[in-house]
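The structure under discussion appears below in the form of structure tokens.
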Amino acid sequence: MARPQKLKLREVLEEIDMSRAAFYRMRARGQAPRMHKLPNGQLRVSRADLDAWWAKHEIAA
């Protein structure tokens with residue numbers, strides 16, 4: 001069984017076509033996909049969380 005894919009913030013920003021600043025504003029409002037902080041301080045988003053976030057926003061639109 002393959003481990004769930006964890007995306008780097010840069011990869012997420014490219015996929016959703018958003019600037020880092022806009023993403024962090026959205027995150028501060030609680031509207032961003034769930035982020036996971038690694039022990040080294042880097043952030044990751046699981047593919048499942050990003051896909052769920054996309055689905056939620058497609059329905060809302």
Side-chain angles (χ1 to χ4, degrees):
M1 184 172 176
R3 288 179 30 177
Q5 185 179 5
K6 299 286 187 188
L7 303 169
K8 294 179 180 179
L9 181 56
R10 175 185 46 79
E11 296 169 321
V12 173
L13 295 174
E14 287 175 11
E15 183 170 329
I16 65 176
D17 192 27
M18 184 177 287
S19 72
R20 186 177 296 265
F23 183 85
Y24 277 111
R25 284 192 302 270
M26 187 172 64
R27 186 173 180 223
R29 292 188 305 263
Q31 299 172 333
R34 188 170 66 154
M35 307 280 303
H36 305 274
K37 194 171 198 175
L38 301 178
N40 64 3
Q42 293 181 357
L43 296 173
R44 296 287 188 273
V45 176
S46 74
R47 168 52 63 189
D49 288 339
L50 184 59
D51 289 346
W53 179 85
W54 271 122
K56 177 182 172 186
H57 286 83
E58 287 176 346
I59 293 168

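These numbers were taken from a predicted model, which means no experiment stands behind them.
Evaluation of the side chain to side chain donor-acceptor pair (under 3.5 Å) rule for E11 yields no partner, not counting sequence neighbours. By the salt bridge (Lys or Arg N to Asp or Glu O under 4.0 Å) test, R44 pairs with no residue at all, sequence neighbours left out.
Rounding to the nearest 0.5 angstrom, the gap separating the NE2 atom in H57 from the CD1 atom in I16 is 9.0 Å. Put simply, NZ on K56 and CG on D51 are 14.5 Å apart, with the number rounded to the nearest 0.5 Å.
The nearest pair of heavy atoms linking D49 to P33 is O-CB, 4.4 Å. When all heavy atoms are compared, the tightest approach of L7 to Q5 is CD2-NE2, 3.4 Å. Looking at every heavy atom in both residues, M35 comes nearest to V45 through SD-CG2, 3.3 Å.
For residues 5-51, no residue pair satisfies the ring pair (Phe, Tyr, Trp, His ring centres under 6.0 Å) rule, not counting sequence neighbours. Sorted pairs that involve residues 16-31 and meet salt bridge (Lys or Arg N to Asp or Glu O under 4.0 Å), not counting sequence neighbours, are lacking altogether.
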